[in-house]
Protein chains: 2
Amino acid sequence: MRSAPEDDLTTKARIRDAAIRLYARDGFTKTSLRAIATEAGVSPGLLIHHFGSAAGLREACDKQVLGVTTERASTKMHPHGLKDLMSEFTRNPDGYTLEMDYLRQALLEGTATSAALFQHLVELSETVIRAGIEDGTVRPFEDVRGVAVLTAFSSVGSLAFGPYAAEALGLDGGWQGVLQRIGGPGLELYTHGFYTTDAFLTAYREATTPDPDESQEA
Amino acid sequence: MRSAPEDDLTTKARIRDAAIRLYARDGFTKTSLRAIATEAGVSPGLLIHHFGSAAGLREACDKQVLGVTTERASTKMHPHGLKDLMSEFTRNPDGYTLEMDYLRQALLEGTATSAALFQHLVELSETVIRAGIEDGTVRPFEDVRGVAVLTAFSSVGSLAFGPYAAEALGLDGGWQGVLQRIGGPGLELYTHGFYTTDAFLTAYREATTPDPDESQEA
DNA sequence: CCTTTCATTGAACACGTGTTTAGCATCTTA
DNA sequence: TAAGATGCTAAACACGTGTTCAATGAAAGG
């Protein structure tokens, strides 16, 4: 009783897939309707006949990519943390690259979609962190949301700037190789920390909690 | 015996500054020559008369912004770590916003400039980390460059996606407020780590060091 | 079979872009 | 003062963009 999936072999779906491919590869602003039409082997007018406008096509692509990724994410997310998703990813890295590159471009685009994407990731991080605190594997941070934003910065940063990091690390292939290289240091950082002492933290706390009677403190 | 600085009041400099302002605010692709001309109170043809082409104007802007920021960064970087730069920044946050927003756009742009910028930041992070390891304040990581990439992800992420995080945190004003909010959790994370146990790290290490004679290990 | 609908195309249009060109005014310099 | 360079403008050009429109082909339905 599927409604649309069997519709996925039509020219309309072919156009959509071609658009997703080019959007993911070259970005949204640098991809013209004519380029998509050529990629799909079709005339430019047909695109807007099927999707109404360029914005309509973009919307359909967003819906498609967001649909499959959030579906995958939610099914892989509920049981435990990111572990399943990470192992799933490392098992078949190529299965996600198209959607990931698309999300990367959407993130770099600088529109309301980018903001929504980022904030969605923050919410997700916060949920995971709270669960980790609950079962005792994650430190009970005061500002959980702040930590969630921080981890979101790392995740999103690795996705958005992974290709550049690949060059810096002498790897080839975009963010996929970077993720594997980064896993070790990341876990090391996340279990043992970065500094050897808590001098910086205590100094920061003393500096940022300026109790009004600071002279009487000693 | 200054060569150019006194030239900084001419219309050519006014055009350049107007361009930097618009580039920083709206991004490069969304800023047209005509918009810059209007902002500078000048005719479109004058821009290319002074700078040869749109690319020439862009280049001049890059040179200007990169010049002042790297000058500031190097003078503030040499003595100690980021501490001076951070305190300097928190003291007068508005003094850097224009250049930072410009760099943000350059980072999000997705050209060779973005990659160069990121890689420069990785080098800088690595230098700082190595210095920290030397004086004993930073943990002696195996993969220093990997950690440098990781910290670069965080820095660049906070710059690039700070505005979105501001919305997620209920702050207003872009990445400036986010940095202040993030400082505490960041330091907490960097001194005590994220996890409470090293279970994840050891599990990862066991999984990723598959010595060929694993059965004889015990 | 005829008709009606729909997918598809090629050419055109309006618009915004970077760039060119000719002209004008203004300032410098001999 | 006359001449020449320079700062600057207005109008136009070539080009790429998204979009429209009339025409054509094929498939579906009565």
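In what follows, every chain begins at residue 1, and chains take the letters A, B, ... in the order their sequences are listed. The basis for the numbers below is simple: all heavy atoms, side chains too, and nothing from hydrogens, waters or symmetry mates.
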S.K.: For A:Leu22 and D:dT17, what is the distance between atoms CG and P respectively, to the nearest whole Å?
M.R.: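 In whole Å, D:dT17 P lies 12 Å from A:Leu22 CG.
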
S.K.: Take atom CZ of A:Phe51 and atom P of C:dT8, then tell me their distance rounded to the nearest Å.
M.R.: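 Answer to the nearest Å: 11 Å.
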
S.K.: Any cation-pi pair here, B:Arg58 with B:Phe28, using under 6.0 Å and within 45°?
M.R.: yes

S.K.: Classify A:Ser32 by what it touches in the nucleic acid, base, sugar-phosphate, or nothing, heavy-atom distance under 4.0 Å.
M.R.: sugar-phosphate

S.K.: Distance criterion of 3.5 Å, no angle test: do you see the side chain of B:Arg34 paired donor-to-acceptor with the base of C:dG18?
M.R.: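 Indeed, a donor on one side and an acceptor on the other fall under 3.5 Å apart.
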
S.K.: Dump the intermediate steps for salt bridge (charged side-chain N to carboxylate O under 4.0 Å, His left out) on A:Glu126 and A:Arg130, then the final yes or no.
M.R.: CA-CA 6 Å; A:Glu126 187 173 352; A:Arg130 289 220 132 88; 2.4 Å; yes

S.K.: Rounded to the nearest angstrom, tell me the gap between atom CD1 in B:Ile48 and atom P in D:dA12.
M.R.: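 My rounded result for the distance is 18 Å.
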
S.K.: Check this for me: does any side-chain nitrogen of one of A:Glu123 and A:Arg145 sit under 4.0 Å from a carboxylate oxygen of the other?
M.R.: yes

S.K.: Can you measure B:Leu46 atom CG to C:dC24 atom C1' for me and round it to whole angstrom units?
M.R.: 14 Å

S.K.: Of A:Gly52 and A:Lys30, whose closest DNA chain D nucleotide lies nearer the 5' terminus?
M.R.: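 Nearest nucleotide further toward 5': that of A:Lys30.
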
S.K.: In whole Å, I'd like the distance from the CG atom of A:Leu47 to the P atom of C:dT9.
M.R.: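 Those two atoms, CG and P, are 10 Å apart.
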
S.K.: How are the rings of A:Phe118 and B:Phe161 set to each other: parallel, tilted or perpendicular (split at 30° and 60°)?
M.R.: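 Geometry flag for B:Phe161 against A:Phe118: parallel rings.
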
S.K.: Is it true that the side chains of B:Tyr102 and B:Asp62 contain a donor and an acceptor less than 3.5 Å apart?
M.R.: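 Their side chains do contain a donor-acceptor pair, which is all the 3.5 Å distance test asks for.
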
S.K.: Can you check whether A:Thr11 has a side-chain N or O nearer than 4.0 Å to OP1 or OP2 of C:dT8?
M.R.: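 Answer yes for this pair, as a side-chain N or O of A:Thr11 is under 4.0 Å from OP1 or OP2.
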
S.K.: Rounding to an integer number of Å, can you tell me how far B:Lys12 NZ sits from D:dG7 C1'?
M.R.: 13 Å

S.K.: Within the structure, does a side-chain N or O atom of A:His50 lie under 4.0 Å from either OP1 or OP2 of C:dT8?
M.R.: yes

S.K.: More 5' along DNA chain C: B:Thr31 or A:Ile15, using each one's nearest nucleotide?
M.R.: A:Ile15

S.K.: What is the distance, to the nearest angstrom, from the CZ atom on B:Arg58 to the C1' atom on C:dG18?
M.R.: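 My rounded result for the distance is 16 Å.
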
S.K.: Would you tell me if any nitrogen or oxygen in the side chain of B:His49 comes within less than 4.0 Å of OP1 or OP2 on C:dT21?
M.R.: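 B:His49 to C:dT21 OP1/OP2: no side-chain N or O under 4.0 Å.
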
